[in-house]
Protein chains: 2
Amino acid sequence: MAAKERLSSSMEDYLEAILHISAEKQAARAKDIAKRLKVNNSSVTSALRLLSEKGLVNYAPYDIITLTAQGKKRAEEIARRHETLKDFFVKILLIDETEAEKASCKMEHVISNKILDRLISFVEFVEICPRGGKEWLRGFRRHCEGDDISASCEDSISLCLEDLRKKAQAFKNSQQEAVLLKEMDAGQRGKILQIKGHGEINKRLSAMGVSSGSIVEVEGRALQEERIEIKVRGYHLSLRNEDAAKISVEPYN
Amino acid sequence: MAAKERLSSSMEDYLEAILHISAEKQAARAKDIAKRLKVNNSSVTSALRLLSEKGLVNYAPYDIITLTAQGKKRAEEIARRHETLKDFFVKILLIDETEAEKASCKMEHVISNKILDRLISFVEFVEICPRGGKEWLRGFRRHCEGDDISASCEDSISLCLEDLRKKAQAFKNSQQEAVLLKEMDAGQRGKILQIKGHGEINKRLSAMGVSSGSIVEVEGRALQEERIEIKVRGYHLSLRNEDAAKISVEPYN
DNA sequence: TTAAAAAGTTAGATACATCAAACTTTTTGC
DNA sequence: GCAAAAAGTTTGATGTATCTAACTTTTTAA
Ligand SMILES: [Mn+2]
Ligand SMILES: [Mn+2]
Ligand SMILES: [Mn+2]
Ligand SMILES: [Mn+2]
C-alpha cells in the first residue's frame, strides 16, 4: 500500500464532500460537489482527476463518483476531525452552529492528531467530571455574556456544593456495577473496562486508540436491534451485538 | 486607509517572523527570516516585495527590513492569535511546548475572531472559577494518562469539597475591595470595574474589546516603575501609571 | 584596498487552486 | 427517436508559494 500522502486542504474538502453526498444520495455527481464546495464545475473535474490518480476516488469521465476503500477511510478521518472540533466549539465554547460549522471545516485541515486526541479527552472530561458538567458551563455562559464572573462561579458553586456531593456519591456508586456494552441503552455513556478475546473488534478498536479506559457512548441501534451504534474517541462505530457482548463497560449515567 | 486585505497564511507568517526578529535584534535581515521560516532566500525576496506593495513592510533591495505601522499591527494580531492558541494547548490541554508551538502556528491562520475570543474567555474561566483551576486540571491530566476518570474526578472532588467552600468564601470576600490597577502587583489578576474618563486609554481599550468585566493580569513594571505591563483579552499592553490609576479593578488573588 | 565570503536578487521552473468560455456527452421530455 | 437542457470536460488564463541555479551587491577581513 502507498504511504499516506499528505493531502491539501482542498482535496480533503473534496473527499469530505463526496462522503457526505454519498451518504445522502445514491451517488455523488460533480455538480453536487461543486455546489457544496462553492466552486466551479471545472475545478471539480481537476480535483477528481487528481484524487483518482491517488487512488482515493473511482472516477472516469462522465461516470458517477464513488470513494475507494482508501478514500473512504481518509474522508471519514476528516469528518471525524470536523465533528470533534465542532463539538468542542458548540458544547464547550458555546459557539452557534453556523459559526462552529464554518470554523471547524477550516481548522480540520491543520489540527494535529495529538491535539485532536486531547480535545476529545477534554470534552469527555468536562462532560463527565462532576466538577464540570452543565452547571459549570452555565457559569461559563454567564461569564461570556459579561456577567460577573464571581456571580457566575458563586452561583455555580452554591448550586454545586450540595449537588457535587450527591454527584460524587452517585458517581462512586455507579463504579460498582460493570455492564456489557450490548446491554447499554441509547444515550448512556461509560468507561470501557475490558475487551475480551483477540478477534476483529479488538484489532479495529486498538487501531483507533480505543482501549480499556476509553469513554464510550451508545448512539443507538440498527438493523432490527442486531447492531449497536457507538461513539468512541470521535469515531462512530457499528458493532454486532455478538461483538458488543465482549466489551464490559462501567456506565456513568 | 486601505481596507484590511485578507493575507495568506504564508504572508502572515512572514509578518510574524519579522516582528519577532525585530524584537530580538535591531533589524530583520532576509536571511534570518529564511532561517526562521525554513524557506529559501529567494522566497523571502518575493514575499517582501509583496508585503511592501501592500504597505506592510518597509523594503528596498539590499536594504534592511522593518514593519510599517500597519504591518506591525497585523503582525501583533497574528502573534496574539498564536499565543492564545498556544496558551490553551499548554495550560488547558496539557500539550508540550514544542507541539503546542507548531500547532498554534498552523491554526493561527484559520481561527475566527469569535472563536479566539471565546477561547480567551474560556481559559480565563477555567483558571479563575474555583470549580475549575489547578486541582481540576490535575484531574484532567490523570484522565489523559489513562487513569480512571472516576478516581481522577473523585480525587479532584474530595480535594475540592472543602477546598471549594474555602475558595468560594475567599472569592466572595475579595469581591469587597476595589483597587486601582496602578496599585496591583505583578502576577495579580482581577476584573476591570471601571475605566474613568474618555481619553486615549479608553479608546485604545475599547477598540480591543476591553471593558468593565474584562479580566486583566499584571505582567510587570517597566521604565523605572513608570509603566505597568498588563495582559488583557490576549493583548499585552504597557500603560503609564497615570493611566492605570484611572482603572479600578476587583482583584482575585 | 581589494578579493573572497556572505547576503540578497533575478530568472525560470514546478505545483496547486481556481476561474470563464468553448466544447462534448448524457439525460430529459415530448 | 430526437432536440433541447443539463451535466461534465477541455482549454487557457490568473494568482500564489515554493524551489534551484545563476547572478549582483554588500560585508568582512587580510
Ligand atoms: Mn474543510
Ligand atoms: Mn469539514
Ligand atoms: Mn503561522
Ligand atoms: Mn505563529
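Source: prediction; values computed, not measured. Values below: all heavy atoms of this structure, side chains included; hydrogens, waters and symmetry mates excluded. Here is the naming used below: chain letters follow the sequence lines, and residue numbers restart at 1 for every chain.
- A search for side chain to side chain donor-acceptor pair (under 3.5 Å) contacts involving A:Ser42 returns A:Asn40, not counting sequence neighbours.
- Judged purely by distance below 3.5 Å, without hydrogens or angles, the side chains of A:Arg233 and A:Ser121 pair a donor atom with an acceptor atom.
- Applying the side chain to side chain donor-acceptor pair (under 3.5 Å) rule to B:Ser8 yields no partners; only residues at least two apart in sequence or on another chain are considered.
- Look at NE2 on B:His109: it is 17 Å from P on D:dT16, rounded to the nearest Å.
- Remark: P of D:dA13 and CG of A:Asn40 are 17 Å apart, rounded to the nearest angstrom.
- Take A:Asp13 and apply the side chain to side chain donor-acceptor pair (under 3.5 Å) test, not counting sequence neighbours, and it matches A:His109.
- Near DNA chain C, meaning a heavy atom under 4.0 Å from it, residues 41-52 of chain A has A:Ser42, A:Ser43, A:Ser46 in order of number.
- Taking atom CD on A:Glu53 and atom C1' on C:dA15, their separation rounds to 13 Å, with Å as the unit.
- For B:Glu76, the salt bridge (Lys or Arg N to Asp or Glu O under 4.0 Å) partners are B:Lys72, not counting sequence neighbours.
- For the salt bridge (Lys or Arg N to Asp or Glu O under 4.0 Å) test, no residue two or more places apart in sequence or in another chain qualifies with B:Glu219.
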Grab the N/O contacts between the protein and nucleotides 22-26 of chain C below 3.5 Å, and write none if there aren't any.
| unit_1 | atom_1 | unit_2 | atom_2 | d |
| --- | --- | --- | --- | --- |
| C:dT24 | O2 | A:Tyr62 | OH | 3.4 |
| C:dT25 | O4' | A:Tyr62 | OH | 3.4 |

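- The side chain to side chain donor-acceptor pair (under 3.5 Å) test applied to A:Glu229 returns no partner, not counting sequence neighbours.
- Considering only residues two or more places apart in sequence or on other chains, A:Ser206 meets the side-chain contact (heavy atoms from CB on, under 4.5 Å) condition with none of them.
- Listed in residue order, the members of residues 11-32 of chain B having a heavy atom less than 4.0 Å from DNA chain D are B:Met11, B:Tyr14.
- Residue pairs meeting the side chain to side chain donor-acceptor pair (under 3.5 Å) criterion with at least one partner in residues 43-54 of chain A, sequence neighbours excluded, are A:Glu5-A:Lys54.
- Summarising the geometry, the separation between CG on A:Asp63 and P on D:dA7 is reported as 17 Å, rounded to the nearest angstrom.
- Taking atom CD1 of B:Ile64 as the reference point, atom P of D:dT27 lies 11 Å away to the nearest angstrom.
- Although no hydrogens or angles enter the test, the distance criterion places no donor-acceptor pair under 3.5 Å between the side chain of B:Asn202 and the main chain of B:Gly199.
- The ring pair (Phe, Tyr, Trp, His ring centres under 6.0 Å) analysis of residues 18-72 of chain B, with sequence neighbours excluded, yields no pairs.
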